[in-house]
Amino acid sequence: MPIALKDLEKVRICIDREGTFCDVIAMTETKGNHLVKLLSVDPSNYPDAPREGVRRVLEWFTGEKIPRDQPIDTSRIEYLRMGTTVATNALLERKGERCALLITKGFKDGLEIGTQSRPFLFQLAIRKPDVLYTKVVEIDERLALDWPGLKGDPAVTQAGELVTGPSGAPMRILKPVDPGAVRKDLQALYDEGYRSIAIVLVHSYLYDAHEKQVEAIAKEIGFRHISVSADLQPMINLVSRGSSATADSYLIPEVRRYLEGFASGFKGGLDDSSCRVNFMQSDGSLCDFRKFSGLKAILSGPAGGVVGYARTCYDALDGSPVVGFDMGGTSTDVSRYGGKYEHVFETTTAGVTIQTPQLDINTVAAGGGSILTYRNGLFVIGPESAGAHPGPACYRKGGPLTVTDANLFLGRLHIDSFPKIFGPTEDQPLDYEIVRQKLEERTKSINVENNSSLTAAEVACGFVNVANSSMARPIRALTEQRGFATSAHNLACFGGAGGQHACALAALLGMHNVLVHKYSSLLSAYGMALADIAVDVSEPCQYQYNADTLPALLDRIEKLKSKAHERLIAQGVHEIDVTYECYLNIKYRGSDTKLMILQPKDGDFARAFIEQHKREFSFTLEAPIEVEDIRVRGIGLGEDAEKNNVSTYVEELTQLPDVPVAKDAHFASSDVYFEEIGKFSPVMLYKLETLAPGTTIKGPAIILDATQTILVHPQNTARILKEHVYIDVGLGPRKQLSTEIVDPIQLSIFSHRFMGIAEQMGRALQKTAVSLQIKERLDFSCAIFGPDELHKGKLRTGDVLVSNTPRSGGTHLPDITVIQPVFDDAGEDIVFWVAARGHHGDIGGIDGNPMHPDSTESWEEGAAVDSLFLVRDGVFNEKDIVDIFMKAGKADTRVKATRGLDKNLSDLKAQCAACAVGSAQIHSLFGEYGKTVVQHYMAAIRTNAELAVRNFFKSRGSEPLIAEDYMDDGTIIKLRIDIDPEEGSATFDFTGTSCESLSNLNAPRSVTQSALIYSLRTLIGTDMPLNAGVLAPVTLIIPNDTILSPSLDAAVSSGNTETSQRVVDTVFKAFEACAASQGCMNTFHSDYEDMSYGETICGGAGAGPTWKGQSAVHVNMTNTRIGDVEVAGKRFPLLIREFSIRRGSGGKGMNNGGDGIHREYELRADMMSSIVGERRVDQPYGMHGGQPGERGATYLVRKSHLGEGTRKVKLRPSAATKVKAGDRIIVHSPGGGAYGAVESDDSSRPSKRAKPNIVPAAKLAHPKLVARANGSLADYAATQESCD
């Protein structure tokens, strides 16, 4: 019989539809809350999981049966809120709508090329994510920023109608939109069946009139889905904004189809329903389901989890910030909440750049299903996952060992508490025996390799510890990079697998408390009940911040508030519930580090900016501050958010009685292994629902509910609160590590810690630097060294050194290295070194260019620093460093001093800041483990790298490997490799290489060493620490006075960019690993007055035995980004007219080589420009019958003085020239060589040839791109994979 309900009572329903499960929480006044968990996909039982969840909830709520095949009556539902992975899945599986891209003429391939960098540095088979569109239409239009006062022909410098956009920036219309041509192109698209398009035009973020013209025509023709880039997010960067617009046009139809299908299951299709239906967006806010868009749906589910822990685990009474730890089956999401949500405005998901406000969620590829492997002496977790099929080994489907299996073996999962749904017939329990068997086999092989005596339990525990270490790395970065102590945070644990790891992870991070909410396994769904409706509106700005501009800024803020208000009211928000957060996106002039500053109570944005800059970066600048964007976030407070938005756990801890758990409260016991005890010990198991608030449980213990397992370690104490399990981690002394042996588990953990330090140094450097080379192109690297790896000299605590010359181990002068010794606590002995190397675009040189093609002597390449105290006794040695920079200019010569001294000094200070971060992190490690242990494992990691290289050499034959390659001037690089497979060593002999060159193509010995480290690491094909140990088994012979070991007088600037590439190609050729890549960096440089612009340009990659060469990527050691067309036009008076792929320029063969590119610059003033390139004469070689790639070339197009029109002339491989305003420089980069011949009588059939001795890297499966929620940590990881 139906239960009587309070009149008019309605149920509130929140749903999180994830990949595997759909979680539903229903909330009522009279019946309490009800939870439903069901499979996200179960077509034999229901067509749509969320709708099925609603049906089951209503059956529970009303007591009435509701047939599955009938539309659901929503009259008893107050609201329905939902998060869904429909957009993420469409991206991952590439199952969105067929869409077309409309983009400014010249950039049809711009989004395909992207930033020119590649996802993984050390992989021969380069893969990039596929683009989302299937057709491109170029719109013949062009805008440019106005540069008043440029030198040159006014017909060029002042060309185009002068207009002003919403930002206030003056713009020039160089080419207006041709409506007739656009209509013709759009009609053709429509006739081909396209109904979804993305419109992306250069500089539309500042002036959107052209995009609006195209949109209006598209609407007239009848396109259903039109994504306009400036409407979605008016922020600089054509590639990011364009990628976002195509993602929106690709996803919106898919999302709308899903919404229509979902709504069709309810009476009236939800349109006329009194039930409010909202969806969770990536920024943590709700929106009306009719406003839900593809671009804002990417992190819909995870965003609910962040809102959930922020509202339930952050207690304003003590203000302790919280780190969210959401561990699932394939990956783990981490985030931070300190009283306000932290947003990022550009992220990457499934290989697609998304430029829209999103919560700062960062994913690490370590989850319960992450596969456990042992490689090169290291325990490795993931990134590969067992997935749902076959799943972990214990699932009885033949799966590999995973983190879940390790926890099962250790007794941390209670088999009897799991449903019997495993095996072929899906009616068996988890399989302990197969896990035991596989772990014992793995343990045996590890012990044989290491001559150790580890038990299977120690190995399983070791894998869990390494998993925890990998998850701790992004958490440290997320907190410490913003100037917050990790240990000051609480850890909020949620997600299905988090409870098994949370306490150990907190202890590893020095955190004192873990909070587990009662709905932690369904927290994403519960978070939707606590979320607000919000809208985010923004517009670009070009104002200096001061008293004169503040009134105009405040006026624009008010106008944006009106827009936000209108949109909120349209979604049914009551006037009284509307609040606003007002932001200015602020930076120092000359810097690109922007901080989104929330309007402070006193209204002083400048003070708030300076304080935040000081906290995050440890310094401020004496420079004007500028506003780049204005942003208003309008918030409509939700009723349940208001009701539940304050966590009270602090109050409960003081008010609830402290009652020890009853002796008979457990429902079972089990033997569990803890490292702290060193053996399996009996542990009591408790059901959470049977424990009263105030109950205290001292570890070890396991607490379970229907969906999760919480592991309480021996030193932990758990208290049961009304809404939480609160765990005092009880930080005790760490396990004492021996320095007599090398524990492979600890070696793996220290590898993570050392790499984490280098990454944090890199983040500090990128964020604090001001130059385009470091901040945007990521042309830098950071490293740590053991105490014996560098010369000590007479140094003391706080000293910082700087150098850049080859005699000091430098590669070329623009790469300036800052080095700091790390002393012991007594300040007596150097125990470590930290270093930060950054590329300075201007250090002086011929015509102000440190990489001028005409340089032949070292003094012509700018400032040279052998070794200098940059900091001593806490004082930055500005006088001496300025003297060196300025004395680089030579009177009566073309050699000039730097024109960007302020940038040089700022970047040097940024490098000092990076070293300070590294030093502090190393001292933190000393505090955890002790100096001796840390040094012991630093040495062991070098030995580990040596072991990996020796094993590689042992797998090769003893026959000599011989290769040679040529530079374009005829210089030969000769290499003979003699391998001793018994010893695992090799001699790399460059005897026969040509003598020193009267050019700047000479490469110091350090360049060849770096090239060899890169080559060997890549050939081995597995992850391994990158350090000097790689070269320990190598005898390197380089005759003096050759191009690879030149005299100290030699110019070397291009040896680091061009010759280094040729060395790598020669090594790969010797091992027959792959065909040649473009083999150069195509370095472009222009100078105008006190400004300069430079970049390196991508080309084709070589093919291999199992892959085709990738097009338009940087290759070999370099992975720097290229300047975005909009950023370049804002920083320097040039136009990038075209950036496209030279289709067919790769070599032809069984596997074709990758194609080179066409990049075309128009200089907007009279200036000096240069190019340094190679492979203009000698083609990139093919391998095993594959044809070579096409040569590169550089052209100058200029106005003819004697005739009509223009002249197109070919430049030398490396050339400098004076250009006039309007002149163009066209760079064609080389294609990559092909691998394997193609039969002449049947081009589809590869030739039959004997297979060579393929290197390990070529045998690997093509790398899969890991789908990640890349928040604020995304830009940095690849920058540390450097051989400098």
Side-chain angles (χ1 to χ4, degrees), residues 99-113 131 133-146 155-163 165 171-192 194 197-221 223 226-231 237-239 241-243 245-246 249 1124-1126 1128-1129 1134-1143 1157-1164 1195 1197 1199 1205-1206 1208 1221-1227:
C99 62
L101 168 67
L102 281 72
I103 195 166
T104 300
K105 183 179 179 181
F107 299 97
K108 63 184 179 190
D109 299 322
L111 302 190
E112 181 179 346
I113 299 170
V131 295
Y133 50 86
T134 53
K135 187 160 187 175
V136 184
V137 171
E138 292 190 306
I139 305 295
D140 192 4
E141 63 80 44
R142 191 59 191 266
L143 295 168
L145 280 87
D146 182 46
V156 176
T157 61
Q158 299 174 30
E161 178 189 355
L162 188 63
V163 295
M171 308 289 296
R172 290 196 175 270
I173 300 178
L174 303 181
K175 178 76 173 177
V177 172
D178 180 345
V182 170
R183 184 175 297 276
K184 181 180 177 182
D185 288 337
L186 283 173
Q187 188 64 55
L189 277 179
Y190 193 86
D191 293 343
E192 288 181 43
Y194 286 92
I197 60 172
I199 305 170
V200 186
L201 303 181
V202 174
H203 291 308
S204 64
Y205 74 103
L206 292 173
Y207 186 81
D208 63 357
H210 285 190
E211 285 193 346
K212 291 298 185 184
Q213 277 184 271
V214 178
E215 179 191 24
I217 297 170
K219 285 182 176 178
E220 290 173 12
I221 290 174
F223 285 93
I226 306 170
S227 299
V228 181
S229 76
D231 286 349
N237 196 304
L238 181 75
V239 169
R241 204 174 62 255
S243 178
T246 58
S249 64
D1124 181 79
V1125 55
E1126 293 175 343
L1134 59 70
L1135 292 173
I1136 297 172
R1137 284 287 187 178
E1138 182 176 345
F1139 192 26
S1140 60
I1141 297 174
R1142 298 173 59 217
R1143 305 289 178 183
I1157 60 88
H1158 172 118
R1159 190 161 173 93
E1160 186 169 337
Y1161 305 86
E1162 179 181 320
L1163 294 313
R1164 300 184 66 192
Y1195 303 95
V1197 179
K1199 185 178 179 181
T1206 59
K1208 180 179 179 180
D1223 287 355
R1224 299 190 185 194
I1225 290 179
I1226 300 172
V1227 178

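All heavy atoms count here, side chains included; hydrogens, waters and symmetry mates do not.
Between Lys108 and Glu138 there is no salt bridge, since no side-chain nitrogen of the basic residue lies less than 4.0 Å from a carboxylate oxygen of the acidic one. With respect to the salt-bridge test (charged N to carboxylate O, under 4.0 angstrom), the residues Glu112 and Arg1143 qualify.
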side-chain contact (heavy atoms from CB on, under 4.5 Å) between Leu206 and Leu145, intermediate numbers included: CA-CA 9 Å; Leu206 292 173; Leu145 280 87; 4.2 Å; yes
Working for side chain to side chain donor-acceptor pair (under 3.5 Å), residues Tyr194 and Thr134: CA-CA 10 Å; Tyr194 286 92; Thr134 53; 2.8 Å; yes
Residue pair Val1125, Phe1139: steps toward the side-chain contact (heavy atoms from CB on, under 4.5 Å) verdict: CA-CA 9 Å; Val1125 55; Phe1139 192 26; over 6 Å; no
Working for side-chain contact (heavy atoms from CB on, under 4.5 Å), residues Thr104 and Glu141: CA-CA 6 Å; Thr104 300; Glu141 63 80 44; 2.5 Å; yes
Candidate pair Phe223 and Tyr190, rule ring-ring contact (aromatic ring centres under 6.0 Å, His included), full reasoning: CA-CA 7 Å; Phe223 285 93; Tyr190 193 86; 5.4 Å; yes
Chi angles and distances behind the side-chain contact (heavy atoms from CB on, under 4.5 Å) call for Val136, Phe107: CA-CA 9 Å; Val136 184; Phe107 299 97; over 6 Å; no
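With hydrogens and angles disregarded, a donor-acceptor distance shorter than 3.5 Å links the side chain of Asp1124 to the backbone of Leu238. Not a single donor-acceptor pair under 3.5 Å links the side chain of Ser249 to the backbone N or O of Cys99. Using modelled atom types, one side-chain atom of Thr246 and one backbone atom of Gly242 make a donor-acceptor pair closer than 3.5 Å.
Proximity of Arg241 to Glu1126: side-chain heavy atoms (C-beta onward) are separated by under 4.5 Å at one or more points. Contact of the Leu101 side chain with the Val137 side chain is not registered, since no non-hydrogen atoms from C-beta on lie closer than 4.5 Å. For the pair Leu1163 and Leu1134, the minimum side-chain heavy-atom distance is below 4.5 Å. Within the 4.5 Å cutoff, side-chain heavy atoms of Leu1135 are placed close to those of Leu174.
Of all non-hydrogen atoms in His203 and Leu143, the two that sit nearest each other are CD2-O, 3.5 Å. Of all heavy-atom pairs between Gly160 and Arg172, the closest is O-NH1, 2.9 Å. The two residues Ala1221 and Thr157 make their nearest non-hydrogen contact at CB-CG2, 4.1 Å. The two atoms that bring Gly110 and Val239 nearest to each other are O-CG2, 4.0 Å, heavy atoms only.
The CZ atom of Arg1159 lies 13.0 Å from the CD1 atom of Ile1141; values are rounded to the nearest 0.5 Å. Note: Glu1138 CD to Ile1136 CD1 = 11.5 Å, rounded to the nearest 0.5 Å. Here the straight-line distance linking atom CG of Leu201 with atom CG of Leu102 works out to 8.0 Å at 0.5 Å rounding. In this structure, the separation between CG on Leu162 and CE on Met171 is 10.0 Å, given to the nearest 0.5 Å. Here the CD1 atom belonging to Ile221 is positioned 8.5 Å from the CG atom belonging to Leu189, to the nearest 0.5 angstrom. Distance CD/Glu192 to CD/Gln187: 11.0 Å, rounded to 0.5 Å.
Side chains of Thr1206 and Arg1224: a donor-acceptor N/O pair is absent below 3.5 angstrom, by distance only.
Taking the six-membered ring where the residue is Trp, Tyr207 and His210 present perpendicular rings, their angle passing 60° and hence far from 30°.
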